[in-house]
Amino acid sequence: MATNPPPLPLMYLCLLAPINPTHVIAVPAGCPAASGLSLACRGRDTAAVVPLAQSHTTTKPCAYPATSTMWSAENASAETAPYAEAADPSAIFTRPRYCCQLKYSVVDWTPQVDPQKQFDKLAAAIGQIYNHNVSQLSYEELFRIGYGLVQSKNGSLAYDGVKGVLETHLSDCVHRDVLVHMDAVRSNPSAVTNDALLSSVRHLWSEHVTAMLVIKDVLMYVDKVYVKNANLVPVYEMGMCVFRDKVLLAAQKRLITQVVKAALAQISGERRGAHVDRSVLRGIVDMLVELQDTGQTRTVYETTMQPQLLAESRLFYCDAAKTRLADHGTAAYVRAAQADIDAEMDRAHAYLVPSTGTLLRNVLLDELIDKHASDIINIPNAGLVQLLDHRDTEALHTLYNLYAPMHPTLLILQTNIHSHVLELGQKFAVSLAPLSSSTMQSGEQEGPREKDKSAQVLGVAAKTAMALRWVQDILNLYDAYDEIIRVSFSECQSMRQSIHDAFIEVINANSRAPELLSLFMDDSLKNGLKRKGEQEIDHLLERSVLMFRFLQNKDAFEHYYKLHLAKRLLLGRSLSDDAEHSLVSKLKVECGSQFTLKLEGMFKDMQLSSDLAYGFKESGAADADFDLSLSVLTPTYWPALAPPMSEEAKLEMQSVEPPPGVLRTSVEAFTQYYLHHRSGRRLAWQYNMGNADIKLQFGTRTYELNVSTYQMFILTLFADVDDLSLTTTEIQQQTRIPIEALTRQLQSLACAKHKILSKTPVSREVGPNDRFAFNNNFKSAQYRIRIPVVAAKASVETEKEKSESMAAIGLERQYVVEAAIVRIMKTRKQMVHEQLVTETIKQLSARFLPTPKLIKEAIGRLIDREYLQRSPDDPRLYNYLA
């Protein structure tokens with residue numbers, strides 16, 4: 001098909017047949033394209049084109065006018081291809097076209113070029129590259145030389161020849177520029193000569209790397225074809241190996257040895273404070289890292305410099321540790337050690353490798369810390385103890401950071417801190433030594449002088465203050481160590497647990513700890529909350545509960561806390577009901593609802609009592625002139641108010657009656673009101689727990705006294721009777737107050753600071769025949785006066801009282817252990833003795849630690865009561881009897 005010619009002065013011929021680039025394509029001499037034909041073959045490079053006269057072909061003149069048609073690929077033979085470009089494109093459209101159906105012949109033709117001459121050009125170019133004359137070279141020409149050598153089967157000449165040129169050049173450079181510095185270092189080693197040697201090697205390396213990057217690009221075809229087929233290392237890596245062998249390992253490896261030695265000397269100098277050129281060291285290290293050893297498995301840096309660096313570092317810091325232990329305290333030592341580690345990490349970041357930094361850190365920790373862990377923290381007068389006592393949190397933080405990475409050293413630190421806490425706890429316990437002696441009360445000694453007895457009464461208050469101070473010291477110490485854990489020890493759980501274990505030992509080493517903690521809480525809730533904010537109160541309660549958590553005998557604490565809580569509630573001594581409820585809630589979280597069941601029952605009774613008192617007043621049965629406030633208590637919730645006593649003592653307590661008058665009338669009226677609204681109940685009045693506000697007139701002055709119920713009974717006997725005097729026996733007969741309680745009440749009224757009654761004879765002793773009369777001459781600057789009962793306030797128990805309390809606690813424990821054993825056996829049905837003992841201890845450990853003897857006795861009682869039965873086949877095996 002004929003078409004108009006395109007507006008391009010080109011004609012293309014496409015040759016479909018595969019042609020070797022070394023072959024020659026012949027075209028007709030009369031074809032316009034023959035003068036400058038360029039053929040492109042599939043998958044091949046360009047081929048040479050020669051006139052037809054040099055080959056055999058046939059031509060057919062084009063039948064189409066030059067101005068109207070163009071040779072079309074449709075008219076070409078299937079063996080030809082229309083991609084040819086005329087040398088003179090304008091001639092194609094100014095004269096008739098020739099549409100040639102080309103037939104070509106292939107002629108083998110290989111240029112006759114001397115490979116050695118070509119390589120000589122390449123070798124000369126390498127020299128120019130090293131001389132920084134790259135701008136005068138033709139990359140294309142050099143690439144064609146390498147290409148031609150590979151295509152002409154002379155790839156080995158190119159590869160080996162370049163290697164030889166590199167070896168010669170580097171050998172010359174070493175002898176000319178490096179060995180002179182090496183000899184200077186060997187003859188006169190110094191920082192200057194070391195730096196000169198390292199600088200020369202670094203310069204030579206830098207020049208070589210720069211040249212090899214260019215040579216690698218020039219010989220890219222050699223790498224791609226010859227090196228790959230011959231299974232050789234690439235040109236660039238070959239150049240690195242040549243540098244290693246001809247520079248560093250030449251002359252029996254003297255240079256690499258001297259280079260490493262000089263680099264280590266510079267590093268050692270920097271450790272001692274000298275200034276070094278870090279860029280030179282960075283270059284040397286980079287060189288050694290990039291070069292592979294002869295086995296091609298590790299770097300030269302790993303086989304030469306790094307092991308020697310670690311060895312020298314170990315020796316250096318070993319000597320430093322010995323010197324510092326003799327001259328430094330713990331704080332100064334750990335700060336210096338941390339500074340050394342920081343310096344080594346900075347050094348590794350600046351011119352070493354990251355892996356070396358990790359190894360150096362391990363070396364320093366081993367030499368400075370691990371090998372001297374005990375000596376560091378036990379330096380006399382400047383060790384760990386002083387850091388803890390002075391709360392040096394910064395030094396302790398540094399110490400912890402150095403000890404924590406290694407478990408053995410961390411264990412040493414924990415052990416020493418644990419021991420120090422125990423030592424402090426023992427010092428606190430020494431202050432409680434006076435508590436081991438019985439706390440005296442009035443009337444317990446016979447015949448001492450009044451001064452001695454007064455001192456003894458003061459001793460009770462002093463011992464109570466001593467007990468409170470012990471708890472406060474423990475809490476203050478815990479606060480200090482809690483801050484150390486948070487700030488210095490980064491909330492390390494193992495450190496916290498170790499310190500907690502120490503406090504558990506300290507607290508439970510004191511057999512009075514449950515009593516003292518309860519006494520401390522009692523004092524805090526009565527007096528310690530004054531002028532404190534909500535956060536301070538919450539902190540105090542949290543710390544108190546924390547100390548409770550450390551107690552092993554929590555049941556003993558419960559016994560004392562119930563007693564103190566009962567007195568606070570009944571006497572109205574608590575400063576904050578919210579604080580009371582909050583503390584009980586915290587105890588409930590710690591030990592469960594069963595532990596606080598009776599405590600919550602106490603609060604419930606107080607609320608019900610308030611409702612009863614209000615109903616009693618609204619009923620109109622109460623005397624309008626006498627304000628009676630009372631509490632109705634459930635005996636099971638208030639066991640502390642009913643301590644174990646003989647039947648005779650119980651009858652004596654129940655026989656107490658108020659003197660005739662308005663008080664007795666009010667008591668009888670409330671009893672009738674209560675029994676009317678609570679049928680089937682029985683009231684037992686506890687006059688020993690009450691208190692009263694009464695007004696008394698002494699001469700012309702009137703005072704308001706806050707007294708106990710027993711004291712009110714006694715004073716009522718003297719009301720409206722002038723010049724009445726009664727003996728102790730007479731007062732006891734009229735009031736029926738137990739003699740021991742009556743003695744304390746009379747001492748408070750006649751022998752204490754406020755002498756409401758006069759006593760004959762004058763002494764602190766109260767005998768059965770001593771006479772008491774109303775003291776009309778009493779005077780005081782205060783209008784409202786509180787008359788405390790001697791030894792009645794919360795105080796540390798005497799040894800006798802402690803024995804009674806422990807007996808009550810022991811009895812309660814028997815019931816708890818028996819109940820636990822029954823629960824376990826009801827579930828298991830059958831258990832061996834050892835397993836039963838272990839399981840019982842496990843279940844009761846949150847409350848107290850029962851002894852195996854206590855458990856064995858409980859098992860015996862349960863067998864007697866037929867809850868358990870020994871197996872007839874094995875006496876160690878128990879069976880549960882449903």
Side-chain angles (χ1 to χ4, degrees), residues 126-127 129-132 134 166-216 236-271 274-294 298-309 312 346-357:
I126 291 175
I129 292 173
Y130 273 105
N131 291 331
H132 304 286
V134 178
L166 296 178
E167 290 176 347
T168 302
H169 174 78
L170 291 176
S171 297
D172 293 341
C173 291
V174 168
H175 286 84
R176 183 181 69 248
D177 302 328
V178 178
L179 294 183
V180 61
H181 297 294
M182 186 181 73
D183 295 336
V185 170
R186 296 178 64 183
S187 61
N188 182 24
S190 65
V192 176
T193 56
N194 288 333
D195 185 71
L197 173 62
L198 297 177
S199 297
S200 63
V201 174
R202 173 176 174 264
H203 177 74
L204 180 59
W205 164 255
S206 178
E207 296 288 326
H208 179 67
V209 170
T210 303
M212 286 306 304
L213 291 175
V214 178
I215 295 172
K216 178 190 70 171
Y236 183 83
E237 295 182 16
M238 177 268 291
M240 300 298 104
C241 294
V242 170
F243 187 91
R244 177 196 64 200
D245 297 337
K246 296 301 179 180
V247 177
L248 298 181
L249 302 183
Q252 300 179 351
K253 300 184 181 180
R254 289 183 299 170
L255 183 57
I256 182 61
T257 302
Q258 204 64 46
V259 167
V260 171
K261 185 176 180 181
L264 296 179
Q266 294 294 89
I267 295 174
S268 179
E270 187 181 37
R271 284 173 177 163
H275 175 74
V276 298
D277 190 345
R278 289 190 164 191
S279 62
V280 174
L281 291 172
R282 174 82 260 181
I284 295 298
V285 171
D286 288 343
M287 174 190 72
L288 297 178
V289 168
E290 188 165 353
L291 295 175
Q292 297 289 318
D293 66 354
T294 54
R298 294 192 300 170
T299 65
V300 175
Y301 174 81
E302 293 174 336
T303 58
T304 57
M305 183 174 177
Q306 182 171 273
Q308 296 183 46
L309 174 61
E312 289 193 7
D346 177 67
R347 194 170 292 117
H349 177 73
Y351 54 81
L352 298 176
V353 295
S355 60
T356 302

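The structure presented is a predicted model; accordingly, all values stated were derived computationally and were not measured. In what follows, every heavy atom counts, from backbone to side chain, and hydrogens, waters and symmetry copies are set aside.
Two residues are said to be in side-chain contact when any heavy atoms from C-beta on lie closer than 4.5 Å; T304 and T257 fail this criterion. M212 has its side chain out of reach of V209: every pair of non-hydrogen atoms, C-beta onward, lies at least 4.5 Å apart. Using a 4.5 Å heavy-atom cutoff, the side chains of E290 and Y301 are not in contact. With contacts defined as side-chain heavy-atom distances shorter than 4.5 Å, the pair L288/I256 qualifies. For the pair I267 and M305, the minimum side-chain heavy-atom distance is below 4.5 Å. Side-chain atoms of D195 and V276, non-hydrogen and from C-beta on, never get closer than 4.5 Å to each other. Between T193 and L197 the shortest side-chain heavy-atom distance does not fall below 4.5 Å. Between Y130 and V214 the shortest side-chain heavy-atom distance does not fall below 4.5 Å.
The minimum heavy-atom distance linking A350 with R278 is given by the pair CB-NH1, 3.2 Å. Here the shortest heavy-atom pairing between A262 and N194 reads CB-OD1, 3.6 Å. When all heavy atoms are compared, the tightest approach of I129 to V134 is CA-CG2, 4.1 Å. The two residues A348 and G357 have their closest heavy-atom pair at CB-CA, 3.6 Å.
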Identify all side-chain donor-acceptor contacts of residues 173-187 below 3.5 Å with residues at least two apart in sequence or on another chain.
residue: H175; atom: ND1; partner: S171; partner atom: O; Å: 2.8
residue: S187; atom: OG; partner: D183; partner atom: O; Å: 3.0
residue: S187; atom: OG; partner: A184; partner atom: O; Å: 3.1

Can you give each donor-acceptor pair under 3.5 Å made by side-chain atoms of residues 237-250, sequence neighbours left out, with the distance rounded to 0.1 Å?
residue: R244; atom: NH1; partner: Q292; partner atom: O; Å: 2.8
residue: R244; atom: NH1; partner: D293; partner atom: O; Å: 3.0

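Judged as a salt bridge (Lys or Arg N to Asp or Glu O under 4.0 Å), and not counting sequence neighbours, the contacts of R282 are D286.
Using modelled atom types, one side-chain atom of T210 and one backbone atom of S206 make a donor-acceptor pair closer than 3.5 Å. N131 places a side-chain N or O within 3.5 Å of a backbone atom of G127 that can act as its donor or acceptor partner.
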### Query
Between I215 and L166, does a side-chain contact (heavy atoms from CB on, under 4.5 Å) hold up when you go through it step by step?
CA-CA 11 Å; I215 295 172; L166 296 178; 4.0 Å; yes
### Message
For a side-chain contact (heavy atoms from CB on, under 4.5 Å) check, start with the C-alpha distance between V300 and V289, then their side-chain angles and the critical distance, and finish with the verdict.
### Response
CA-CA 6 Å; V300 175; V289 168; over 6 Å; no
### Query
Stepwise, does the side chain to side chain donor-acceptor pair (under 3.5 Å) test hold for E270 with Y351?
CA-CA 12 Å; E270 187 181 37; Y351 54 81; 2.5 Å; yes
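One finds the CH2 atom of W205 at 15.0 Å from the CG atom of L198 (value rounded to the nearest 0.5 Å). Put simply, CG on L264 and CD on E312 are 4.5 Å apart, with the number rounded to the nearest 0.5 Å.
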